[in-house]
Number of protein chains: 2
Amino acid sequence: MATPEPERPGFLLPLLLLAGFRTLIDDLHAELARQGHPELRPLHGFVLQAVGADGTTATELGQRLGISKQAAGKTVDRLVALGYLERGDDPRDARRKLVRTTPRGLDGLRRSAVVFDRLRQRWAATLGPDRVTAMEDDLRAVAPANLFRLDVPGWFGG
Amino acid sequence: MATPEPERPGFLLPLLLLAGFRTLIDDLHAELARQGHPELRPLHGFVLQAVGADGTTATELGQRLGISKQAAGKTVDRLVALGYLERGDDPRDARRKLVRTTPRGLDGLRRSAVVFDRLRQRWAATLGPDRVTAMEDDLRAVAPANLFRLDVPGWFGG
DNA sequence: ACTGTTTGGACAACCACGTTGACGATCGTA
DNA sequence: TACGATCGTCAACGTGGTTGTCCAAACAGT
């Protein structure tokens with residue numbers, strides 16, 4: 001017998017999306033804190049990803065993250081103070097300040113990816129691997145591709 | 001032929017969850033702004049939900065939202081200034097200040113639910129209704145139930 | 001080569017949202 | 001009645017964002 005479509009109040013889907021995201025992020029940072037990165041905040045992983053292997057500038061980083069260049073600059077300041085990023089001059093343009101990931105930043109990034117993979121495996125063990133893959137495909141289908149610039153080279157191995 | 005499981009980097013799932021959430025929230029507030037609630041911020045809907053129909057106190061609100069009573073109090077201050085909440089005395093306990101939703105708050109809440117329902121229907125039209133339902137079920141299965149106190153009376157018609 | 005425009009980075013002021021610590025007023029109870 | 005727990009609030013602070021302004025450097029046109 002077909003299961004009747006239950007009442008699905010409007011608030012349910014966004015709340016569950018947020019809860020799922022926060023579950024992953026909280027688990028990640030609890031594990032990262034154990035592995036020597038207690039100062040890493042949820043935002044920082046995305047920033048480190050957005051900086052990428054080749055480095056970037058504050059303005060470009062802001063565009064990638066969808067925030068102002070000033071906000072990006074302040075975030076870079078904090079990550080520089082924590083030792084995750086470093087600034088340098090651009091020999092080809094004296095206005096630009098190159099932002100690069102330090103070895104410590106790369107370490108945090110690598111550990112994040114490892115922990116995320118493990119968390120995804122935990123979800124796959126609960127839901128089944130195909131359900132997780134289906135969820136990712138569905139979310140990719142409805143989320144605007146320009147959000148967080150999923151197509152930035154270096155993201156997701158792309 | 002079976003599709004081989006592609007590489008699914010660890011960052012993909014949380015990023016898509018966040019992107020999906022932000023997509024819904026951004027769409028919601030763009031629509032709410034058109035309907036006379038331009039000051040409503042993403043957080044406010046959850047706060048109004050957490051206040052509920054019966055009213056509550058700042059301390060209890062903080063517990064429901066998982067934040068400190070001071071942070072809850074400041075958020076109530078802002079929503080009172082915007083006309084979405086009001087404070088009153090508790091005749092049975094002079095320490096407690098009751099927080100209640102105003103008619104304007106109820107209006108914003110009702111419109112939020114309507115818009116969210118419409119957004120969910122849009123997702124259902126893209127993915128198919130069963131995919132949206134499956135995503136909700138899967139997320140509910142992996143998200144801790146106490147996050148955002150999904151079981152608070154009044155949430156989701158519960 | 002000079003000039004005007006665009007761009008990158010930095011500074012200031014401000015706002016939203018969160019934290020911890022302290023404290024007075026009130027309540028419940030021994 | 002005295003004491004401990006609880007509620008609201010104030011203060012100080014940190015983080016992450018905004019807009020506006022400004023200077024120096026790069027660039028394009030004459």
Side-chain angles (χ1 to χ4, degrees), chain A residues 18 21-22 25-26 29 33 37-51 55-100 147-148, chain B residues 18 21-22 25-26 29 33 37-51 55-100 147-148:
Chain A
L18 181 56
F21 173 72
R22 286 200 44 173
I25 297 297
D26 290 349
H29 287 93
H37 296 281
E39 321 93 337
L40 271 188
R41 312 263 291 112
L43 171 75
H44 297 165
F46 298 109
V47 175
L48 291 176
Q49 277 284 331
V51 170
T56 180
T57 66
T59 295
E60 189 181 348
L61 182 61
Q63 289 168 349
R64 289 184 183 179
L65 296 174
I67 60 178
S68 65
K69 60 179 182 177
Q70 294 92 331
K74 284 201 285 187
T75 300
V76 169
D77 287 343
R78 292 182 202 112
L79 284 171
V80 167
L82 291 174
Y84 289 94
L85 293 177
E86 61 184 3
R87 277 188 228 259
D89 292 327
D90 186 335
R92 291 194 291 258
D93 189 335
R95 293 171 305 177
R96 291 157 56 93
K97 299 291 177 62
L98 273 310
V99 176
R100 280 185 304 272
L147 206 57
F148 284 94
Chain B
L18 181 57
F21 173 72
R22 286 200 44 172
I25 297 296
D26 290 349
H29 287 92
H37 295 280
E39 322 92 337
L40 270 188
R41 311 263 292 110
L43 171 74
H44 296 165
F46 298 108
V47 175
L48 292 176
Q49 277 285 329
V51 170
T56 180
T57 66
T59 295
E60 189 182 347
L61 183 61
Q63 289 168 350
R64 289 183 183 178
L65 296 173
I67 60 178
S68 65
K69 60 178 181 176
Q70 294 93 328
K74 284 202 283 189
T75 300
V76 170
D77 286 342
R78 290 180 207 111
L79 284 171
V80 167
L82 291 175
Y84 289 94
L85 293 178
E86 61 185 3
R87 276 191 231 258
D89 292 327
D90 186 336
R92 291 193 291 257
D93 189 336
R95 293 171 305 178
R96 292 158 54 93
K97 300 290 179 61
L98 274 311
V99 176
R100 281 184 304 273
L147 206 57
F148 284 94

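Each chain gets a letter, A, B and so on, in the order its sequence line appears, and its residues count up from 1.
Under the salt bridge (charged side-chain N to carboxylate O under 4.0 Å, His left out) criterion, A/Asp93 pairs with A/Arg95, not counting sequence neighbours. Partners of A/Arg100 under the side-chain contact (heavy atoms from CB on, under 4.5 Å) rule, at least two apart in sequence or in another chain, are A/Glu86, A/Leu98. Remark: B/Tyr84 engages B/His37 in a ring-ring contact (aromatic ring centres under 6.0 Å, His included) (not counting sequence neighbours). Every residue two or more places apart in sequence or in another chain was checked for a side-chain hydrogen bond (donor to acceptor under 3.5 Å, both in side chains) with B/Thr59, and none qualifies. For A/Glu60, the side-chain hydrogen bond (donor to acceptor under 3.5 Å, both in side chains) test picks out A/Thr56, A/Arg64, with sequence neighbours left out. Listed by chain and residue number, A/Arg96 satisfy the salt bridge (charged side-chain N to carboxylate O under 4.0 Å, His left out) test with A/Asp90 (two or more places apart in sequence, or in another chain).
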Below 3.5 Å between N/O atoms, which protein atoms pair up with nucleotides 1-7 of chain C? Just atom names and distances, please.
residue, atom, partner, partner atom, Å
C/dT7, O2, A/Arg95, NH1, 2.7

Protein and nucleotides 14-17 of chain D: nitrogen or oxygen contacts under 3.5 angstrom:
residue, atom, partner, partner atom, Å
D/dG16, OP2, A/Arg78, NH1, 3.3
D/dG16, N7, A/Arg78, NH2, 3.1
D/dG17, OP2, A/Thr75, OG1, 3.4
D/dG17, N7, A/Lys74, NZ, 3.2
D/dG17, O6, A/Lys74, NZ, 2.1

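In terms of polar N and O atoms assigned as donor or acceptor, the side chain of B/Gln70 comes within less than 3.5 Å of the base of C/dG21 in a complementary pairing.
Legend: salt bridge (Lys or Arg N to Asp or Glu O under 4.0 Å) pairs involving residues 38-48 of chain A, not counting sequence neighbours, sorted by first then second residue: A/Glu39-A/Arg104. Under the salt bridge (Lys or Arg N to Asp or Glu O under 4.0 Å) criterion, the residue pairs touching residues 67-81 of chain A are A/Asp77-A/Arg87, with sequence neighbours excluded.
DNA chain D is contacted by B/Arg87 of residues 86-93 of chain B, taking any non-hydrogen atom closer than 4.0 Å.
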